[in-house]
Structures are given as C-alpha cells and as structure tokens.
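To keep things clear, I will list the structure first and then write my remarks on it.
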Amino acid sequence: MRQIPRPAHINRIGTAVPRHEVHDAFRIFAGRQITEPRTRTAFARLAERSHIARRHSVLEANADASGTTDEFYRVDRFPGTAERMARYEAEAPALAEAACDAMGLGDEAPRITHLILATCTGFVAPGLDHHLIRRYGIPGSVERSVVGFMGCQAAINALKLAHHIVRGTPAARVLVVNLELCTLHLQPSTEIEQLLCFLLFADGCAATLVTADPVGLAMEGFHAALIPEAADQITWRIGDGGFDMTLSGFVPLTLARALPAEASAILGGAGTGDFDLWAVHPGGRSVLDAVVHGLDLPENALDTSRAVLRDYGNMSSATVMFVLARMLAAPSGQRGCALAFGPGLSAETMRFRVA
C-alpha cells in the first residue's frame, strides 16, 4: 500500500525589523516633493487613512524629515541603482541574523538540509544564502534556492517550495528566509501612485523552519491565480535610478471583483465559514478591505493582518510571515488561509491547519 506523505509544517517563525522608526519622517519627506495644492491635499488624506502607526528602516531619518542622516536621501538627491545595491549588501546580513536568532536557528543549523531565500529588493552574489551558511555553520552541502523578484507574494511561493521538498523527502529540514529592504527603493516623484511607497513600505525579515515534525502550522494546499487583464497594476522594474514600482490605485477594486470567482479554488472547495484564521498580506488598508469584500468575510477576520500593518507597514514578502507568526499560538485544529498578492496582477494562497 502506498504511504501517504506526512504534511509539511511551519514549526517556527522568527521576525526582525531594523531599529530606525521612520513612518512620520518619511511621510513628511514625501509631502515636501509635492508642489501642486490639490495633490498635496490628496496625499495628506491618504496618509491619514493608511492605518499605519510605525515603520522601520535600515536608514535613519533626519529629525527635521529632510532626508536621511547619511544623505542617502535628500529632497534634491536620490541614489542610483549601484548605491542602493551596495547598501542592501551591507545591511541585509545583520537583519537576517536577527530573524534567524529569533527563530532559534543556532542549535538547528547543523541539521538544515535546504535553504530558500526570498527577496525582491536586493541582489548580490555570493549572496545572503552564503552568508548564513558561514555564520551559522549550516552544512556546505545544503541545497539552496532563491525566489527572486516576485514581490509581496514570494513568501507563499517559498513556503510552497518548502512544502514540496518536505513531502518528497520527509527527513528534510528547510530554512526559509524572507528579507526585504523596501526603503532602499523610494523614488522622487510628484505622482500620488509613486508617493504611496513613502506611506506604505518598510524593511523587515522573517526566518522560518519547515519540517515534517507535527508542530506549528500544517500546510494543506496551495492555489495560484492570475489576473492578466490587470498586469500593469503592479509592476516592479530595475532602472538606472533604482527599482521602480507601479502600484495602481485600482488594485483593491480589481481584487474585490476577482476574488469571488477564485474563492472555491482558494479554499479547496470549502466555505469561508470553515476557516478560523486569515493571514492576508497587508498590502495596505484598502487591500485588506478589498479581501473582506471579495470573500465576504466578517469585519474582524483580518484583525491580525491589520495589526501587523499598523505596527510594521508593508515589508513586501516578509509581511505575511509576520502575520503567520502571530497565528502559531492559535488553538489546535483551527483552519486558516493565507493570501498574498504581487506583480501580474497575481495572487498566491495557502490553506493550513494548526497542529
């Protein structure tokens, strides 16, 4: 008789953010780029409605909100791509170590068989995977994978890859690291959609252990959905002056309209009432509102996602892992669904159960 593979479990999640809190300073700094009164008023209204209280960055903001203390940003000066990548290379290792330490990687490191790194905000080779191998004594034979440039949804893709590895090799012990330094990619602009980056994005890292050990969150299934007619609503391109993001104001409306048709596949044929936990990537207040509307959820269903948005902002792929980390202590047997969105426009989703 064929043996059914044991489900892969998210055993532990460690999270970390840089020490510099920058939300108010970056909001004021962005507002200083706007000269047109109507745009300034609209931007101030969006800032009030963001429902974000704190965001963190590897950059330290000036006390007068005129830029950063090291002049990485000034109103009249923004860095090029090479300078941004050099800063990523310098700052990423310490933040990754903080998340790995919070997860308790030390004693586990010699047993790690696979390492998955997800990031879309920096590239260097040899990269962060090599640094973690050296720093923690992970075996040099570890199998490495990089999930790159997939935006906020990359966390679900990384977990899906870990799920397949553990299902195929039950003895595997997979370290998943999501690290994003989004604040290295702010751009000068007077356009509202570009200035949203100054209101939303932040830096953060999550380190996750995935094994067949029946502890934590059991991953039960995945679903990917593409909305090709909205492909231009979230884009992410590398330019000479850094990474350029387009984040259309139509994204929430598109999600609210598309989710009902995808609901059955996302939920594995079950109904929304069969799920106790909703780990939705907090891409912004309006995105969370759109998911509530599109899936017809109770108003309090996304309280955990809203709390992460309030406390940390949007840290791209790391953010949904901060939400899942808060669900590790949920009562045994509760069912959950995770959703994250990214360029395409696309969605990656995961069903899970508390072990």
Side-chain angles (χ1 to χ4, degrees), residues 18 20 22-23 25-36 39-40 42-43 46-47 55-62 64-93 95 118-125 127-128 146 148-154 179-205 231-251 283-284 313-319 342-345:
H20 303 300
V22 296
H23 180 59
F26 276 16
R27 174 181 55 81
I28 296 169
F29 178 65
R32 287 178 173 166
Q33 299 186 58
I34 306 172
T35 56
E36 203 276 316
T39 304
R40 187 183 301 116
F43 182 75
L46 287 170
R55 287 180 294 147
H56 296 81
S57 173
V58 295
L59 306 170
E60 182 178 10
N62 284 326
D64 62 359
S66 62
T68 56
T69 56
D70 57 1
E71 298 195 336
F72 189 83
Y73 292 130
R74 295 196 317 248
V75 173
D76 60 347
R77 189 261 185 196
F78 279 68
T81 304
E83 187 176 349
R84 297 174 195 258
M85 291 300 91
R87 194 60 178 265
Y88 179 95
E89 183 176 1
E91 302 284 358
L95 187 58
T119 186
C120 70
T121 50
F123 298 98
V124 61
L128 195 56
V146 176
F149 224 58
M150 294 193 74
C152 303
Q153 63 194 349
L179 188 141
E180 304 290 5
L181 303 185
C182 303
T183 65
L184 298 183
H185 297 290
L186 304 179
Q187 296 288 339
S189 180
T190 58
E191 300 296 325
I192 285 288
E193 290 185 350
Q194 186 67 58
L195 289 171
L196 282 174
C197 296
F198 286 87
L199 292 182
L200 288 173
F201 288 99
D203 301 345
C205 182
D232 61 344
Q233 292 186 11
I234 300 180
T235 64
W236 191 224
R237 294 185 173 92
I238 299 177
D240 293 338
F243 294 9
D244 298 319
M245 166 165 277
T246 298
L247 183 61
S248 170
F250 288 104
V251 169
N314 183 344
M315 301 168 286
S316 191
S317 74
T319 324
L345 177 64

Legend entry - Side-chain donor or acceptor of Y73 paired with backbone N/O of F29 under 3.5 Å: no

Inset, instruction - Ignoring hydrogens and angles, tell me if any N or O in the side chain of R84 forms a donor-acceptor pair with the backbone of L184 under 3.5 Å. - result: yes

Inset, instruction - Look only at the side chain of E60 and the backbone of D70, and say whether a donor-acceptor pair between them is shorter than 3.5 Å. - result: no

Legend entry - Donor-acceptor under 3.5 Å (R77 side chain, F72 main chain): yes

Legend entry - Whether R55 side chain and A202 backbone form a donor-acceptor pair below 3.5 Å: no

Inset, instruction - Please work out whether the ring planes of F243 and F149 are parallel, tilted or perpendicular, with thresholds of 30° and 60°. - result: perpendicular

Inset, instruction - Using modelled atom types only, decide if a donor and an acceptor are shared between the side chain of Q187 and the backbone of G241 within a distance under 3.5 Å. - result: yes

Inset, instruction - Using atom types as modelled and distance alone, determine if a side-chain donor or acceptor of D203 lies under 3.5 Å from a backbone N or O of V58. - result: yes

Inset, instruction - For L247 and L196, work out which heavy atoms get closest and say how close. - result: O-CD1, 4.2 Å

Legend entry - Rounded distance (nearest 0.5 Å) linking atom CD of Q33 with atom CD of E191: 11.5 Å

Legend entry - For the student: nearest non-hydrogen atoms of I238 and T81, plus distance: CG2-CG2, 4.3 Å

Inset, instruction - Could you tell me whether a side-chain N or O of S248 sits under 3.5 Å from a main-chain N or O of Q233, the two making a donor and an acceptor? - result: no

